[in-house]
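This chain uses plain numbering: 1 for the first residue, then up along the sequence.
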Amino acid sequence: MIDMQLLTRRYGHCDGVWRTMIILPLLCFASVFGQGRADVSLKNSKLQLIWSSDKNGYHLQSVTLNADLGQKEHLTMAAQQRTILYAKNKPLDRSTIVYDHAGKLIHFPDSQYRYVIPVWSQSLSPVSLNTAGEVWHYQPTAVTSTSPSGLRFQYENEKIALSEEWNLDPDQMHDIRVKITLKAKENGYYSLSTPSLAIADRQQFQWAVIPGLFQGAALNPDFVDAYAYGHGIPDRPVIVRERTVSTLASLLTTQSGVTLATVAEPGTARDPWSKDAKTHSDWKLGLSLMNRNKELTPTLYHPVLGEEGSYLKEGQEITFSFRYTIQRTSWYNVLGHVIKDVYKFSDFLKLKETNRSLTDRLYAMYDYVIADSTSKWRIANYKNAVIGAQDYLGGVYGSEKDAMKNSDYGAMWMLATLTGDNKLKQQRLPAALNFKLQQQQQQPGFFYGSAAGQYFLYRSQRFTEEWGPYSEPIGTSYYMLMDIGNILLFEPDRSDLKQALRKAADWLLSKMHPDGHWKVAYDNKTGSAMFEDVSDLRPTFYGLLVAHQLLKDEKYREGAIKAANWFVRHAVEKGWFLGVCGDTRFAPDFATAQSIQALLDMYTLTGDLRYQTAASQVARYYTTSIYTHPIPTREVKHVNGIDRQDWEISQVGLGFEHGGIMGSANHHGPILLSSHAGLFVRLYAQTKDSLLLNMARAAAWGRDAFVDANTGVASYYWDAMNKGAGPFPHHAWWQLGWITDYLLSEAAVRSNGNISFPSGFITPKVGPHRSYGFEKGSIFGKPVDLKMKKGLISLDNAHIDYILATNSDNKELYVVLLNNSVDPQQARLKLDAGHSRDLFGLVQKEVYLLNSDGADEMRMAASSDWKISLPATGLKIMKISYQ
C-alpha cells in the first residue's frame with residue numbers, strides 16, 4: 001500500500017486551485033504544509049520505506065523490516081543515496097597505476113602468468129576501479145502514485161530528465177522492484193547506479209558477497225589479496241564484470257542479521273552467445289559492494305560507463321530494471337531466493353532434452369580411453385621401467401610438447417575392474433602404476449618422498465610441475481597419497497605401494513607447521529618457501545587422512561585433525577580459499593568443492609560435528625561458483641554452423657574452473673567437467689536443499705552440444721563447444737569418474753539409501769568425485785558387484801540412464817534405471833542374449849521390475865525386450881535371475 005500523508009486528505013490546495021492530489025510536486029507540499037514535512041511511503045506486511053522532502057527534493061528517510069515475532073529492524077541510511085556517472089568522452093580502457101595504502105606501487109602478477117595478465121590489466125581500468133567519469137548526485141523533486149503499491153519519482157535539470165518507478169512485489173513480500181529511465185539532454189556516456197537503499201558499518205558486518213568474485217566478513221586492505229583472490233571485500237568501490245559473476249546480485253548481511261541484496265532483473269546483463277558468436281566478455285552490468293561514496297551497500301551499474309548502450313545523444317533514453325530484497329536471514333537464503341524465484345533456475349530442467357544418455361557416454365569413453373590413437377597413450381622408458389601416460393598438449397614448464405600425464409587413477413582402476421578389460425589390466429594399468437611409482441622423489445634430502453611433479457617430459461627424462469620448478473605439499477597429497485590410496489583400494493596387498501604411501505605421508509607430515517598449516521610451495525633447487533603472499537587454503541590435510549585409513553598409523557590421524565582444524569579456522573570460517581592451478585597463480589577453483597568431501601570424510605573419521613558443519617558451509621560457498629544466468633530459452637542460435645537452441649549451450653548450471661578477476665572463466669566461460677555433481681546430490685540427501693540437487697542435474701543433463709559425437713568426450717571449456725578433449729585427452733578419465741559418481745549418487749538418493757556402493761578417495765585436482773567398485777555394494781540388502789558390460793543393454797530413450805550390478809551367489813543381474821528428466825518417460829529395453837548368457841553361463845529364469853522402495857512392481861516375461869515406464873526423476877530396477 002502507499003501511505004502518503006497528503007493523500008489521507010482527499011483534497012489539497014495549491015496555487016488557489018482545489019483538486020484531487022494525484023501528482024504531488026515539491027512546491028505544492030511546501031504551500032500546503034508550510035514548515036511541515038510531506039512524507040511518502042511504500043508499505044506492506046514486511047517492509048516500509050519512507051521518503052522525506054526537503055529543499056533539495058526527496059530522500060529516503062527510513063527502511064524498516066518487520067521481522068519475525070513482531071521485531072522491527074531499522075536499517076541505516078546512506079549519506080549519498082542517488083548517483084549517476086557521466087563522461088563526455090569514452091573513458092580509457094587501459095589499466096591504471098595502483099598503489100597500496102602505504103603509497104607503494106602494486107606489482108602483480110609476475111611476468112610468467114600470461115593467462116592472468118590481460119584480465120588483471122582489464123580489471124585496473126578507471127571504470128573497473130570506479131574512478132572514471134563525473135559523479136552527479138540528485139534528489140527527485142516530484143512523486144506520483146502509480147498503483148496501490150507503487151510510486152514514480154521524477155527529477156529534471158538542464159542535463160537529464162529522470163524517472164524512478166518503485167513497486168512492492170506482490171508475490172515476493174520482501175522485494176522492491178525499481179525501474180529507472182534517464183533521458184539525455186546532452187551527448188555523452190551515462191551510467192545509472194542503483195540508489196543506495198541502506199548501508200552497513202564498514203567495520204562490523206556479518207557477510208558480504210558478489211557471487212563468483214568476493215566473499216567475507218571484513219574489508220581487506222590488501223588490494224591484491226581481496227581483488228585478485230576474493231579474500232574478503234576490497235576496501236575500494238571497485239566495479240566487476242558480470243562474466244564471472246555467477247548470480248547477478250550483490251548481497252550484504254548487516255551485523256544485526258538483515259540481508260540486503262540488489263539484484264539485476266533478467267535480461268539486463270550480457271548473453272554469453274547472443275547470436276552466432278561468443279559474446280561472453282560483453283560488459284553490460286557492473287556490480288559492487290560499495291557506492292561511489294565508499295559506503296558499504298550493494299550497488300549495481302547499468303549500462304557500464306563507456307560500454308555498449310552507455311553513449312546517448314540528446315533526446316535518447318536508457319532504462320535500468322532491478323530489485324532489492326530485504327530479509328532477516330542469511331546471505332545464502334537470499335541468494336537462493338534470487339536463483340530460484342527471480343532467475344527461475346529449476347525451470348531450466350524442464351527444457352532439458354538429450355540425444356545421448358550419460359551411460360552411453362560412459363561406454364563411448366571406455367572405447368576412447370583404451371584406443372591408443374584417440375587416448376594419445378604413450379609409453380616411455382625411465383630408470384629401467386616402462387612408464388605409461390597420455391600425451392598432454394597444453395603448456396608445461398620446460399616442455400618441448402613432450403609432456404605426459406595421468407589424471408584419475410581411481411577411475412582407471414575402477415573401469416578396469418567394472419569391465420574386466422584385459423587391455424586395461426595387462427597393458428595400461430601396469431605402465432600407469434610404474435609411472436606413479438617413478439613420480440615419487442627418491443633422492444635423499446629435502447624432497448625425499450614427495451611428488452616430483454604432475455608431468456613427465458619424455459625428451460628430457462624428468463618429472464616437472466605445470467607452471468614452474470617448484471613442489472607443492474598438496475601435490476604430494478594429490479599425486480602420491482590420493483592416487484596411490486585409490487590404487488590400494490583395488491590392490492590392497494601391494495607392499496611397494498604401501499611403502500611409497502608411507503614415504504609420502506611422512507614427507508607431508510614433516511612439512512606441516514606446528515599449528516597445522518603448510519606453505520604453498522617450495523623452490524625445487526633451494527627448498528625455500530614460495531608464494532608467501534598467500535596461504536595454503538586448500539584441503540592438503542586430506543593426504544594424511546588417506547594415509548591413516550590405509551596404514552592405520554595414529555600419527556597421520558593426529559596430523560590430519562590438526563591440519564583440518566587449521567583449515568576450518570582460516571579458510572572455512574573466513575570464506576577464503578586458494579586454488580590448485582598454477583597457470584592462474586592459484587586463483588580459487590574446484591579445490592574448494594573438493595574440500596567439502598574432504599571435510600565430510602574427516603567427520604566420518606572422527607565423528608566431530610564441526611567438520612560436517614564446515615562442509616555444509618563450504619557447499620553454500622560453492623554454489624557461488626555455479627552460473628545461474630541468463631535464463632535459458634528456446635531461442636535458436638548459430639553455433640559453429642549448427643542451429644542450437646539457447647538452452648543447449650547455456651552456461652546455467654555449469655561451474656568455474658576458476659572465476660573471480662583472474663580465472664579462466666573470464667576467457668572461456670565455465671567448464672563441462674562437473675565433479676561436484678555427485679557430491680551435491682549426496683548433500684541434498686542430508687540437507688534436503690533442493691538448490692544443490694537442481695544444480696547437480698543442471699550440470700549433468702542434456703549437455704549434448706558440448707559432447708564430441710564420435711568419442712562421447714565433452715569439451716573442457718564452455719567456449720570450445722563440442723570439440724571434445726582437444727589438447728587434454730586425459731580429461732576423459734575425469735569424465736568417466738564424475739559421471740559414474742553422479743549416477744551412483746542419484747541411485748542412492750532415489751532409493752533412500754538402499755542402493756549403495758562403497759566409495760574411494762577423492763580424485764586429484766578437479767573436484768570431489770570418487771571411485772567405486774573395489775568392494776561389493778548393496779541393492780536392497782543384496783550384496784552386488786558393480787559392473788559395466790558393453791552391448792548388454794540397449795535403450796531407445798536417452799533420458800534413461802542405467803547402472804549394472806550382479807549377485808554371483810544368486811545368479812542375478814540388476815539393471816538400475818534412472819529417469820534423468822522432470823517428465824515421465826517410457827523406454828524400450830533390450831537385453832542382448834549372448835552377452836546376457838556370458839554373465840553366468842546361464843539363461844534367464846525370472847524377471848521382476850522393482851520400484852524405488854525395492855518392492856516387486858510386476859513379474860515380467862522372460863524375454864529380451866521390455867517396455868518400461870518411469871516417473872519423473874524416478875528409479876526402477878530390473879532384477880533378472882538366471883538358471
Side-chain angles (χ1 to χ4, degrees), residues 382-383 385-390 404-417 424-425 428-442 447-456 463 465 471-511 539-553 555-557 559-560 563 580 594 597-598 601 605 730 733-734 737 758-766 768-775:
Y382 179 66
K383 294 185 178 179
V386 176
I387 63 174
Q390 289 168 277
M404 300 163 55
K405 176 177 179 173
N406 290 311
S407 55
D408 192 335
Y409 272 79
M412 294 174 77
W413 261 253
M414 176 178 71
L415 186 65
T417 301
L424 285 173
K425 287 186 169 184
R428 293 295 184 82
L429 298 194
L433 181 57
N434 285 341
F435 184 99
K436 184 56 55 182
L437 290 171
Q438 296 296 334
Q439 199 173 7
Q440 188 168 40
Q441 292 277 11
Q442 302 294 342
F447 292 104
Y448 177 71
S450 67
Q454 293 181 62
Y455 304 87
F456 179 73
F463 285 90
E465 257 310 323
S471 297
E472 303 168 63
I474 201 168
T476 294
S477 281
Y478 280 167
Y479 307 114
M480 292 291 100
L481 294 161
M482 290 157 67
D483 274 345
I484 292 174
N486 274 319
I487 299 170
L488 279 168
L489 294 175
F490 293 90
E491 300 189 43
D493 298 325
R494 292 288 301 248
S495 59
D496 54 347
L497 288 175
K498 290 182 180 178
Q499 183 181 13
L501 190 78
R502 184 173 294 277
K503 286 193 293 186
D506 286 344
W507 184 85
L508 189 64
L509 197 58
S510 73
K511 296 300 179 283
T540 306
F541 63 84
Y542 192 74
L544 296 177
L545 179 148
V546 173
H548 174 264
Q549 294 291 83
L550 294 171
L551 302 176
K552 305 302 181 185
D553 193 322
K555 68 180 180 181
Y556 302 136
R557 182 180 186 274
V580 292
Q594 195 172 62
Q597 188 63 58
D601 288 355
L605 174 68
H730 60 287
W733 286 109
W734 275 322
S759 56
F761 302 114
I762 306 168
T763 195
K765 197 167 187 178
V766 298
H769 74 259
R770 305 174 298 179
S771 56
Y772 299 83
F774 53 89
E775 287 181 6

[X] vs [Y] side-chain heavy atoms within contact, under 4.5 Å:
X      : Y      : value
Leu605 : His548 : yes
Lys436 : Tyr479 : yes
Gln549 : Phe761 : yes
Gln440 : Trp507 : no
Tyr556 : Leu508 : no
His769 : Asp408 : yes
Phe490 : Tyr409 : no
Thr763 : Trp734 : yes

Over all heavy atoms of both residues, which pair between [X] and [Y] is shortest? Give the atoms and the distance, please.
X      : Y      : result
Lys405 : Phe435 : CA-CZ, 4.5 Å
Pro764 : Gln594 : C-NE2, 3.8 Å
Met482 : Val546 : CG-CG2, 4.2 Å
Tyr772 : Pro758 : CD2-O, 3.3 Å
Gly760 : Phe774 : N-CE2, 3.4 Å
Gly410 : Asn486 : CA-CB, 3.9 Å

Please lay out, stage by stage, how Ser477 and Tyr542 fare under the test side-chain contact (heavy atoms from CB on, under 4.5 Å). CA-CA 7 Å; Ser477 281; Tyr542 192 74; 5.7 Å; no
Measuring from atom [atom1] of [X] to atom [atom2] of [Y], what distance do you get when rounded to the nearest 0.5 angstrom?
X      : Y      : atom1 : atom2 : answer
Leu501 : Leu551 : CG    : CG    : 4.5 Å
Ile484 : Arg502 : CD1   : CZ    : 13.0 Å
Ile387 : Asn434 : CD1   : CG    : 8.0 Å
Leu545 : Arg557 : CG    : CZ    : 10.0 Å
Leu497 : Leu433 : CG    : CG    : 5.0 Å
Asp483 : Trp413 : CG    : CH2   : 9.0 Å

Please lay out, stage by stage, how Lys555 and Leu509 fare under the test side-chain contact (heavy atoms from CB on, under 4.5 Å). CA-CA 9 Å; Lys555 68 180 180 181; Leu509 197 58; 4.1 Å; yes
Apply side-chain contact (heavy atoms from CB on, under 4.5 Å) to residues Met480 and Lys503 and explain how you reach the verdict. CA-CA 9 Å; Met480 292 291 100; Lys503 286 193 293 186; over 6 Å; no
Is a side-chain N or O of [X] found less than 3.5 angstrom from the main chain of [Y], in a donor-acceptor match?
X      : Y      : value
Gln390 : Met404 : no
Lys498 : Asp493 : no
Ser771 : Ala411 : no
Asn406 : Gly388 : yes

Which is it for Tyr478 and Gln454 under the side-chain contact (heavy atoms from CB on, under 4.5 Å) test, yes or no, and what are the steps along the way? CA-CA 9 Å; Tyr478 280 167; Gln454 293 181 62; over 6 Å; no
